[in-house]
Protein chains: 2
Amino acid sequence: MTEARGDIQTLIDLMARLPGLGPRSARRAVLHLIKKRGPLMAPLAAAMADVASNARECLTCGNVGTTDLCAICASPKRATGEICVVEDVADLWAMERAGVFRGRYHVLGGTLSALDAVGPEDLRIPRLLDRLKDEAVIEVILALGATVEGQTTAHYIADRIEGRGVAVTSLAQGVPVGGELDYLDDGTITAALKARKAF
Amino acid sequence: MTEARGDIQTLIDLMARLPGLGPRSARRAVLHLIKKRGPLMAPLAAAMADVASNARECLTCGNVGTTDLCAICASPKRATGEICVVEDVADLWAMERAGVFRGRYHVLGGTLSALDAVGPEDLRIPRLLDRLKDEAVIEVILALGATVEGQTTAHYIADRIEGRGVAVTSLAQGVPVGGELDYLDDGTITAALKARKAF
Ligand SMILES: [Zn+2]
Ligand SMILES: [Zn+2]
């Protein structure tokens with residue numbers, strides 16, 4: 001194949017390492033990019049180089065962005081007293097698409113798992129407890145998946161917060177059993193947030 | 001969403017324009033890239049920028065590469081008397097993966113289509129006829145899809161070549177009716193090439 005492609009083969013091999021793309025779809029994508037190298041490939045390469053150099057996790061909440069404090073944590077328009085706890089950034093994005101929550105987030109970076117040896121210190125749980133004091137938080141909304149791991153993690157966090165004078169609620173109506181937030185439509189997330197109940 | 005993502009959103013929007021990726025898989029791919037920004041995202045951005053600046057169509061055969069004469073046309077190891085005519089570069093790559101053909105290619109860039117108003121001058125057909133003389137070609141292998149358009153195009157080319165003392169053959173055994181080359185396994189392509197017959 002080297003004879004046929006060279007640098008192009010290198011690009012195909014790297015593209016094939018993206019989730020959801022195999023060798024065949026990587027080849028198709030690269031041919032498409034080469035056809036659209038002015039309007040699509042050059043801007044995509046530039047955007048990717050930009051994010052590769054600048055992307056970082058927010059020091060406060062764990063969201064990804066291109067600054068030490070993410071755009072949500074930095075925004076004066078977002079309420080400071082409410083923190084919505086999510087498993088990962090994809091879930092934060094799903095909440096934002098629903099557009100109904102106007103507080104701030106805390107991205108755990110996973111769930112507790114005895115099997116995978118993931119403990120509280122492997123997640124962003126200690127940082128969450130610090131934030132409760134620093135930001136005068138009045139409500140923590142646990143927006144974790146309705147999976148065994150998600151609910152184990154939710155209970156652990158609720159236990160740690162108990163007695164600090166902070167209300168702990170969780171998404172309720174509409175989150176299907178075994179479902180993950182990132183797969184839900186905006187309406188379901190909105191309904192679940194509006195019907196949240198004391199944990 | 002701007003508040004939540006900014007530059008990252010720009011990258012997601014561009015990724016979502018790749019064939020086979022929708023908004024959801026583009027988001028997943030970008031989160032994966034951000035997690036692997038050192039080992040994957042930075043090299044991918046560099047490879048993409050490189051191909052975006054250097055990719056071009058071979059002036060002789062229409063294959064894509066990073067030089068005016070593609071690696072196959074430039075290779076002294078490839079036989080000059082045989083030209084394999086394919087619809088597009090994906091088909092050329094499929095032939096190369098099979099690894100059985102050691103001549104050179106000619107990429108038409110599509111098929112004749114009355115419906116889409118694609119005539120011979122819109123494809124690389126005049127260039128093919130020039131090559132027959134310039135390169136002392138003795139055989140043209142028509143490796144076009146077993147579709148109506150592919151076969152119409154094959155017949156048109158065979159008619160134009162007739163009387164020039166050049167053998168015209170076509171892939172035979174193994175190409176399924178309605179099938180496109182790029183979807184076939186290597187063995188099928190090898191069998192079809194070996195059993196090629198006079199057109
Ligand atoms: Zn943040
Ligand atoms: Zn060439």
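Quick note on labels: first sequence line is chain A, next is B, and so on, each numbered from 1.
Put simply, of A/Thr10, A/Val89, A/Leu40, the one with the most heavy-atom pairs under 4.5 Å next to chain B is A/Leu40. Ranked by non-hydrogen atom pairs under 4.5 Å with chain A, the options B/Ala49, B/Pro19, B/Ala47, B/Gly38 are led by B/Pro19. Put simply, of A/Glu57, A/Arg28, A/Arg56, the one with the most heavy-atom pairs under 4.5 Å next to chain B is A/Arg28. Annotation: maximal heavy-atom pairing with chain B below 4.5 Å, among A/Ala45, A/Ala46, A/Ala29, occurs at A/Ala45.
Cluster membership check: A/Val137 shares its hydrophobic cluster with A/Leu129, using side-chain heavy-atom separations under 4.5 Å among Ile, Leu, Val, Met, Phe, Trp and Tyr. One hydrophobic cluster, built from ILVMFWY side chains closer than 4.5 Å, cannot hold both A/Val168 and A/Ile138; they sit in different ones. When the side chains of ILVMFWY residues are joined at heavy-atom separations under 4.5 Å, either directly or via intervening members, B/Val118 and B/Val85 end up in a single hydrophobic cluster.
With a 4.5 Å cut-off on side-chain heavy atoms, A/Leu11 and B/Leu44 count as touching. At least one side-chain heavy atom of B/Val64 sits less than 4.5 Å from a side-chain heavy atom of A/Ile8. Put simply, the side chain of A/Asp88 does not reach to within 4.5 Å of the side chain of B/Leu31, judged on heavy atoms. Residues A/Leu18 and B/Met15 form a side-chain contact, since some pair of their non-hydrogen atoms from C-beta on lies under 4.5 Å apart.
Side-chain atoms of A/Arg37 never come within 3.5 Å of backbone atoms of B/Val51 as a donor-acceptor pair (strictly under, hydrogens ignored).
The CE atom of A/Met48 sits 10.5 Å away from atom CD1 of B/Ile34, with the distance rounded to the nearest 0.5 Å. One distance of note links CD of A/Glu96 with CD of B/Gln9; it measures 11.0 Å at 0.5 Å rounding. In this structure, CE in A/Met41 is found 12.5 Å from CG in B/Leu14, a value given to the nearest 0.5 Å.
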